[in-house]
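We use all heavy atoms of the structure for the numbers below, so side chains are in, but hydrogens, waters and symmetry mates are not. None of the values given here were measured: they were computed from a predicted structure.
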Amino acid sequence: VKSRFFKIKSSLEGHLAFSRGLSESVSEAATQNTTRGGFQFDGMYRKEITQNYAYAFGLRLAREVINTPVASLINQRFLGVIEGRYYFDPIEKFYHAQVGLSLGVGFGQSRTESLGQASFGDALLLPSTKISLSIPINTEYDMAFFGALETLRLEEEFADGNKQTTNLSN
């Protein structure tokens with residue numbers, strides 16, 4: 001009976017994700033056949049407001065490799081992220097697991113390197129949409145699985161002053 005009463009919790013979360021580029025456009029560049037993939041680590045603080053609503057904020061470190069027909073590029077991003085989350089009522093027949101939806105935004109720095117050149121600039125994450133399944137392990141811990149679609153805009157500048165804007169969907 002005690003497990004059915006809701007108690008507001010706050011928690012620290014660590015997320016490790018593998019990303020795959022779905023689409024990409026680069027200013028002043030011809031469309032190329034590229035593959036993009038990498039990993040990201042999120043450190044988040046989550047605070048429940050009610051049984052169904054929560055918010056989370058934290059930091060993200062991402063690293064991607066972009067393979068083009070001519071060269072390989074490495075992109076690194078460091079972002080601050082904030083998310084609003086909605087959790088459906090617990091599924092009693094499946095360990096009181098909860099399905100969740102979230103919408104987030106982020107802002108930070110980006111760096112891309114290739115063939116001895118580097119570009120630096122801003123990174124904007126808008127929006128990040130996620131679906132999750134959170135399974136309670138005990139009263140203190142949950143295990144969560146996430147699937148996400150995200151759109152990023154990178155506005156970078158090279159040392160010679162040339163600017164480049166990249167729009168990505170992961």
Atom of [X], atom of [Y] and distance for their closest heavy-atom approach:
| X | Y | result |
| --- | --- | --- |
| A56 | M44 | CB-CE, 3.9 Å |
| F88 | N52 | C-ND2, 3.8 Å |
| G80 | L59 | CA-CD2, 4.2 Å |
| S114 | S72 | OG-O, 3.6 Å |
| R63 | Q76 | NH1-NE2, 3.6 Å |
| D142 | P136 | OD1-CA, 3.2 Å |

When the ring planes of Y55 and F57 are compared, do they come out parallel, tilted or perpendicular, using 30° and 60° as the limits?
parallel
Should T151 and L126 be marked as a side chain to side chain contact (heavy atoms under 4.5 Å, CB included) after you check the CA-CA gap, both sets of side-chain angles, and the distance that decides it?
CA-CA 6 Å; T151 303; L126 182 67; over 6 Å; no
Supply the atom-to-atom distance [X] [atom1] to [Y] [atom2], rounded to the nearest 0.5 angstrom.
| X | Y | atom1 | atom2 | answer |
| --- | --- | --- | --- | --- |
| L168 | L152 | CG | CG | 5.5 Å |
| Y95 | I137 | OH | CD1 | 12.5 Å |
| R36 | S23 | CZ | OG | 10.0 Å |
| L73 | T112 | CG | OG1 | 7.0 Å |
| Y87 | T50 | OH | OG1 | 11.0 Å |
| S132 | L101 | OG | CG | 7.5 Å |

Hey, does the side chain of S128 reach the backbone of G104 with a donor-acceptor pair shorter than 3.5 angstrom?
no
Determine whether a donor-acceptor pair (N or O, by modelled atom type, separation under 3.5 Å) exists between the side chain of T129 and the backbone of L149.
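Judged by distance alone, yes, a pair lies under 3.5 Å.
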Determine whether [X] and [Y] make a side-chain contact, defined as any pair of heavy atoms from C-beta on separated by less than 4.5 Å.
| X | Y | result |
| --- | --- | --- |
| S11 | Y141 | no |
| Q40 | L79 | no |
| F145 | M143 | yes |
| Q51 | P90 | yes |

Decide whether [X] and [Y] are clustered together by the hydrophobic rule: side chain heavy atoms of Ile, Leu, Val, Met, Phe, Trp, Tyr closer than 4.5 Å, transitively.
| X | Y | result |
| --- | --- | --- |
| I49 | V99 | yes |
| F158 | F120 | no |
| L16 | Y45 | no |

Is the distance from the ring center of Y53 to that of Y86 below 6.0 Å?
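Close enough - the centres of the two rings lie under 6.0 Å apart.
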Checking N162 against E157: is there a side-chain donor and acceptor pair closer than 3.5 Å?
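No pair is found: no donor N or O on one side chain lies under 3.5 Å from an acceptor on the other.
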For the residue pair Q98 and S134, confirm or rule out a side-chain donor-acceptor distance under 3.5 Å.
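S134 and Q98 do not have a side-chain donor-acceptor pair below 3.5 Å.
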Quick one, N170 with E64, criterion side chain to side chain donor-acceptor pair (under 3.5 Å). Give me CA distance, side-chain angles, the key distance, then yes/no.
CA-CA 11 Å; N170 289 337; E64 289 184 324; 3.1 Å; yes
Pair D42-F146, side chain to side chain contact (heavy atoms under 4.5 Å, CB included): steps then yes or no:
CA-CA 12 Å; D42 293 357; F146 290 89; over 6 Å; no
Evaluate E140 against K9 for side chain to side chain contact (heavy atoms under 4.5 Å, CB included), listing each step before the verdict.
CA-CA 9 Å; E140 302 278 325; K9 294 186 286 188; over 6 Å; no
Could you point out which residue of R20, R60, R77 forms a salt bridge (Lys or Arg N to Asp or Glu O under 4.0 Å) with E150?
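It is R60; the other options fail the test.
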What's the verdict on side chain to side chain contact (heavy atoms under 4.5 Å, CB included) for R153 and D122, showing C-alpha distance, side-chain angles and the deciding distance?
CA-CA 8 Å; R153 181 179 181 94; D122 297 327; over 6 Å; no
Qualifying residue, where the test is side-chain contact (heavy atoms from CB on, under 4.5 Å) with L154 and the options are N167, L124, N75, V26
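Of the listed residues N167, L124, N75, V26, the side-chain contact (heavy atoms from CB on, under 4.5 Å) partner of L154 is N75.
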With a 4.0 Å cut-off, would you call E13 and R85 a salt bridge?
yes
